Amino acid sequence: MSTASLLTRTSKTVLNVLQPARDQLGDIGTAAATLVGFLLISFACDRIRQAWFSPLSKIPGPWYAHYTGLGLKLHILAGNRVNYVQALHEHYGPYVRVAHNEVVTCDPAAGKVIHAVGTKWRKWSHIPDHITANVFAIVDPKHHNIRQRFYTKTFSQASLRRTMQGPIVRTAELAVDGMKADAASRGGGMVDVHEWFMLFGNDVMFALTFGEGFGLMEQGKRGQTNPVTPLEFHQMIAWSEFSIPIFLFGRFVLSSFWPWAERIFKADVCLNPSQDEAIAQLRMKEKGEDGRTVFAEAIEDAKDDEVLKNSGKTRLTDDEIAADALGFRLAGAEPVSVTLTYLVWCVLQRPDVQRQVENEVAGVELTDEALENLPILGAVILEGLRLWGGNATAMRRKEDVTLEGTMLSEYRIPRGTTVSTQAYSLHRNPAAWPDPLKWDHTRWLDPAQSHSISQDRFQPFSAGTRMCAAYHLAMMEIRLMTAMFFQNFGGARLAPSVTSESMVMTDRFNLFPRNHRMEVLMRPAGS
Ligand code: HEM
């Protein structure tokens, strides 16, 4: 049967189905019902065309994904994207179609092209740049380049060691003191270390953006305030992606009646302290040399930056500062905390490695420079980031530049298709890593081997132009907190409540352990 006659017969069937409604409503009703019918048919025909005839039809994937992204969206809403995509890769291989217009890949060659410096692949975002985007979310490369330049010097390793090492050490000491107090006051020395790492990660971000003194631990606000990014923020983004009408209904109707709905659908508003308050706090530190905020540093550095001077933009506006302050908290607090939690989890499962780390850090001066040179510490951190990095979830990109689309491996990717990579799967790809599921820090100990591990297959911080802006800050936090943990809690053991199931990762914009806790016994057995 030809496509034309199939369409004619389908339209007749739809009109017959709609007949009772047409009888009831008269001419206007008939016209409206016919219009709706034709819209539905053309939508269905378009989806069938994309499923069967788009170049993406050659990419394997579940049958429903060829027609719709609903399956993927439901997994996103459930916080399960990372595991769903990994399961698809295990079943279908390195390229999988996850929606009529979306593909995921864990092929290092594709990751190299997509995340290269100067790539044509743009960050995917459904929020337009003009709605004061933070540096994380800006799509337009020129716009992004300008904003990124403000922070280039501030986030360099040398600058961070000067400005942030002190606050990080002080924040880590508060966390260690808190853990000790919990261990002393609770039966068996049990401590939820994940909670303390979350407080640590969050408070370092407060120090970065507001200056010291605003941290939750310093203010004794543990337990009173939701420590880090409310999970509702992810749900807000997921709902806005799932369906704009549902999102708007939630934001403008449901939020007026129920606080839980407000926390989800207005999470951005709930998260942000009032803008005036935030800006006032940020500015307070602008003049003093000691403990200046990242924004004061950035604005100072911008005065000498030729590119910024030539572009005529050497100040950040209040809106941009507020957006980036929130962006840094969202992008910076949780990945560090979660990486620390999983790192300790991995090391405590290997008492032999735990002893090596404890011996190596014992008595070492707590400076980033000294810790950077410790081989075992460095190796366990890298192996932790490989399997359990805190931000190893989807990095979504689009190539809208090349009219005829672009090739990834043997597949033609039509213009406008979303392609995402996730480090979680790249780092578990057997074509990229020998024995990939084995947590084996020794793969990083042989310099010949570890130097050959290129950024194509190791991307816990992404790569290229959109790589983590604060990579050096993150590594400094992880090194200092890990060293302090193993200096202070020799012989720590995992509590029986910690299992592989409790540590399955939940995907909520950042990744978290499913139970949102990880209990450790801080006293050696028998003591
Ligand atoms: C272990 C800790 C961290 C990990 C694993 C991590 C990972 C990542 C990854 C994978 C991206 C790219 C996301 C994408 O392209 O969609 C990214 C971007 C970013 N990260 Fe991090 N991050 C960490 C810590 C931090 C910290 C402490 C900050 C503090 C400010 C931070 C700030 C940012 C920013 C601003 C971006 C956006 C960069 C841009 O688009 O120009 N991250 N990070």
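Because the structure is predicted, anything quoted here is derived from the model rather than measured. Numbering of ligands and ligand atoms starts at 1, following listing order.
- Around NZ of Lys112, the count of heavy atoms belonging to other residues, nucleotides or ligands within 6.0 Å does not exceed 12.
- Ring to ring, Trp444 and Phe458 are close: their centroids are under 6.0 angstrom apart.
- Considering backbone and side-chain atoms together, Arg466 places an N or O closer than 3.5 Å to an N or O of ligand 1.
- Trp439 does not carry Arg350 over the face of its six-membered ring by the limits of under 6.0 Å from the centre and within 45° of the normal.
- Heavy-atom contacts of Pro460 reach the following atoms of ligand 1: 5 (C), 7 (C), 10 (C) (cutoff under 4.0 Å).
- For Lys123, every heavy-atom contact with ligand 1 shorter than 4.0 Å involves the side chain, none the backbone.
- An N or O contact shorter than 3.5 Å links Arg397 to ligand 1 by distance.
- Here the protein heavy atom with the shortest distance to atom 26 (C) of ligand 1 is Gly332 CA, 3.3 Å.
- Side-chain contact between Arg508 and Thr393 is absent, with no heavy atoms from C-beta onward closer than 4.5 Å.
- The environment of CD in Glu372 is crowded: more than 12 heavy-atom neighbours from other residues, nucleotides or ligands sit within 6.0 Å.
- Residue, atom and distance of the protein heavy atom nearest to atom 39 (C) of ligand 1 are His144 NE2, 3.4 Å.
- For atom 4 (C) of ligand 1, the nearest non-hydrogen atom from the set Phe328, Phe136, Phe461 comes from Phe461.
- Between Tyr342 and Trp345, the two ring planes are perpendicular [angle over 60°; tilted spans 30° to 60°].
- For ligand 1 and Ile478, the ligand atoms under 4.0 Å from any heavy atom of the residue are 1 (C).
- Neither the backbone nor the side chain of Ile138 comes within 4.0 Å of ligand 1, counting heavy atoms alone.
- Residue contacts with ligand 1: Glu477 is included, with a non-hydrogen atom under 4.0 Å away.
- Cation-pi check for Arg428 over Trp388 is met; the charged atom lies under 6.0 angstrom from the ring centroid and within 45 degrees of its normal.
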